[in-house]
Amino acid sequence: MTESTRADRFVQELAELKIPDPAAGRGGLWLRAGVALLILGPVVIVLGYLMSNNTSDALVQRDAIIIALGGIALSIVGAALFLRYSLTGVLRYWMARQSYDMAQLAGRLPGEPGRELGEVGVPQR
């Protein structure tokens, strides 16, 4: 019987939980897209502001307001993408660690491994 290391067991439990490998996914791409939108949003807002201030035509000013509102929408979408994909990596391993800790805790509880949860065992003499 071979003794597996703690890291080997952790990797095996991650495979059992079917947690996707972040390197294989497109999470990094969406994270970078969120950062790009966060940067692009204020640029579009400033362009809309400059466009509305450089004219006295009300129709062009209204178009610039719509462009600036589009920049606000870009910033909000970028922030949502950034938060979602940056927290995904943290929470993925937090959940795996929580599962590992619960398994370790369950292993330290007294009783037989085949016993149902909540079933009280009375020691026999």
Side-chain angles (χ1 to χ4, degrees):
M1 179 181 272
T2 61
E3 181 83 21
S4 64
T5 65
R6 181 177 176 190
D8 293 335
R9 287 189 308 241
F10 185 69
V11 169
Q12 182 183 9
E13 288 178 9
L14 280 178
E16 290 172 4
L17 289 174
K18 297 179 182 169
I19 295 175
D21 183 17
R26 296 188 182 209
L29 175 67
W30 285 109
L31 183 67
R32 287 190 298 274
V35 170
L37 288 177
L38 274 172
I39 294 170
L40 185 64
V43 171
V44 171
I45 292 170
V46 168
L47 289 176
Y49 173 76
L50 293 174
M51 188 174 146
S52 70
N53 274 349
N54 289 335
T55 185
S56 59
D57 185 13
L59 294 176
V60 175
Q61 287 176 343
R62 289 181 191 136
D63 289 343
I65 289 172
I66 298 300
I67 290 171
L69 287 175
I72 292 171
L74 285 176
S75 294
I76 291 171
V77 169
L81 283 173
F82 177 76
L83 283 175
R84 192 255 189 237
Y85 286 100
S86 63
L87 289 177
T88 298
V90 172
L91 294 177
R92 174 183 295 126
Y93 289 106
W94 173 80
M95 183 183 71
R97 180 64 191 190
Q98 189 76 8
S99 171
Y100 178 78
D101 287 343
M102 292 301 283
Q104 290 295 323
L105 181 64
R108 283 188 262 160
L109 290 176
E112 299 171 18
R115 184 170 292 156
E116 293 285 327
L117 287 177
E119 184 180 341
V120 178
V122 177
Q124 301 293 324
R125 292 185 193 226

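For the single chain, residues carry numbers from 1 onward in sequence order. Every value quoted in this text rests on a predicted model; they were computed, and no experiment measured them.
- Evaluation of the side-chain hydrogen bond (donor to acceptor under 3.5 Å, both in side chains) rule for S86 yields no partner, not counting sequence neighbours.
- For N54, the side-chain hydrogen bond (donor to acceptor under 3.5 Å, both in side chains) test picks out no residue, with sequence neighbours left out.
- Under the 4.5 Å side-chain heavy-atom criterion for Ile, Leu, Val, Met, Phe, Trp and Tyr, L31 and L83 are members of distinct hydrophobic clusters.
- Every residue two or more places apart in sequence or in another chain that forms a side chain to side chain contact (heavy atoms under 4.5 Å, CB included) with V46 is listed here: L50.
- Around the CZ atom of F82, the shell of radius 6.0 Å holds no more than 12 heavy atoms that belong to other residues, nucleotides or ligands.
- Legend: residues meeting side chain to side chain contact (heavy atoms under 4.5 Å, CB included) with L74, ordered by chain and number and at least two apart, are L37, L40, V44.
- Both Y85 and I39 are part of a single hydrophobic cluster, where members link through side-chain heavy atoms under 4.5 Å apart.
- The salt bridge (charged side-chain N to carboxylate O under 4.0 Å, His left out) check on D101 picks up R97, with sequence neighbours excluded.
- Hydrophobic clustering (side-chain heavy atoms under 4.5 Å, transitive across Ile, Leu, Val, Met, Phe, Trp, Tyr) groups L38 together with V77.
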Extract all donor-acceptor atom pairs below 3.5 Å that involve side chains of residues 58-71 and protein atoms in other chains or at least two apart in sequence.
unit_1, atom_1, unit_2, atom_2, d
Q61, NE2, S52, O, 3.4
Q61, NE2, T55, O, 2.9

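- The stretch residues 65-84 participates, sequence neighbours left out, in these side-chain hydrogen bond (donor to acceptor under 3.5 Å, both in side chains) pairs: R84-T88.
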